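Only one structure is covered here, and it is reproduced in the block below.
Residue indices begin at 1 and follow the sequence shown. Predicted model, so just to flag it, every value in this text is computed and none were measured. For ligands, and for the atoms within them, numbers begin at 1 and follow the listed sequence.
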Amino acid sequence: MRMRKKKNSDARIAKCAGLLVDQPVKIAGEGIYSPFPNELHGGPVALELGCGKGDFICGMAKAHPERLFYAVERIDSVILFALEKRAAQLEAEPELPDNVRFIIGDASHVAEWFPAGSLSEIHLNFSDPWPKKGYYKRRMTYRAFLELYAQVLAPGGELHVKTDNDILFDFTLEELKSAPFELLWQTRDLHSSEYCIGNIETEYERRFIEEGVSINALAARRL
Ligand SMILES: C[S@@+](CC[C@H](N)C(=O)[O-])C[C@H]1O[C@@H](n2cnc3c(N)ncnc32)[C@H](O)[C@@H]1O
């Protein structure tokens, strides 16, 4: 489902069309279609779901030029900021590889977009916690979502989760127990932990740190 908030998003999104996967369903069918320049093929492929305004994906793409990145966001007027941020980054630093593509859509379609076993990493950063009773199936770490991630991750591929929300974090740890994942590490305070090395901050993360909120984080491996 593509959600719209602002009417004027379309024209600005169109200016960044080269960064968008126009018809993501085409990604499916390995070898048939790739939105990346040929010379970049062959590296690990990572995916962020719910990328918001794009700080994380732009930071990751710069830190790991050998990887390819996809970023999914379902709200046009939000992904617009991510698209424009990435376009500005490439303009300011033309030596960076063109290794990020964005998809406007809902994370529940991930297994329709990506071939089975094609991804090396999935990142969920500050996903909506859906705290109300009865809405837990919408959480992006609900078992049905974990099954989808298991389909598209290669064996040994990793799921990385960061959240300020303790309820979502506890829920995620429980859901992982019955999913085809092995917990690699977890922390209730990412920024005081050894796992913060190489951490790329997101917009929400920066806000929470400023407020003194501890960040929960984990990594799990696809079995
Ligand atoms: C709380 S914000 C966090 C944004 C960013 N990851 C960060 O850490 O700053 C969650 C984002 O995920 C997006 N989102 C939530 N559910 C989604 C879904 N099922 N598919 C795609 N995007 C989703 C929301 O639109 C929102 O932009």
For atom 26 (C) of ligand 1, the protein heavy atom that lies nearest, with its residue and separation: Glu73 OE1, 3.5 Å
Give the atoms of ligand 1, by number and element, whose distance to some non-hydrogen atom of [X] is under 4.0 Å.
{"X": "Glu203", "result": "5 (C), 7 (C), 9 (O)"}
{"X": "Phe126", "result": "1 (C), 2 (S), 3 (C), 8 (O), 10 (C)"}
{"X": "Glu48", "result": "6 (N)"}

Modelled atom types, side-chain donor and acceptor of Asp164 and Asn216, under 3.5 Å: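 Looking only at side-chain atoms, Asn216 and Asp164 do not form any donor-acceptor pair under 3.5 Å.
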Would you kindly say whether Asp189 and Thr187 are connected by a side-chain donor-acceptor distance under 3.5 Å? no
Under the side-chain contact (heavy atoms from CB on, under 4.5 Å) test, residues paired with Leu223 that sit two or more places apart: Glu182
Contacts of type ring-ring contact (aromatic ring centres under 6.0 Å, His included), residue Phe171, not counting sequence neighbours: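 ring-ring contact (aromatic ring centres under 6.0 Å, His included) check on Phe171 returns nothing, list empty.
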Can you label the angle between the Phe126 ring and the Tyr204 ring as parallel, tilted or perpendicular, going by 30° and 60°? parallel
Best match, Ala107, Gly50, Gly105: closest heavy atom to atom 5 (C) of ligand 1: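 Going through Ala107, Gly50, Gly105 one by one, Gly50 has the nearest heavy atom to atom 5 (C) of ligand 1.
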Once you round to the nearest 0.5 Å, how far does CG of Leu173 lie from CZ of Phe169?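 Rounded to the nearest 0.5 Å, the CG-CZ separation comes to 4.5 Å.
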Pairs of nitrogen or oxygen atoms closer than 3.5 Å, one from Asn125 and one from ligand 1: do any exist?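 Between Asn125 and ligand 1 (N or O atoms, distance only) the closest approach is under 3.5 Å.
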Is any N or O atom of Ser127, backbone or side chain, closer than 3.5 Å to an N or O atom of ligand 1? no
Just let me know how Asp106 lines up against ligand 1, side chain, backbone, both or neither, with a heavy-atom cut-off below 4.0 Å.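 For Asp106, backbone and side-chain atoms both sit under 4.0 Å from ligand 1.
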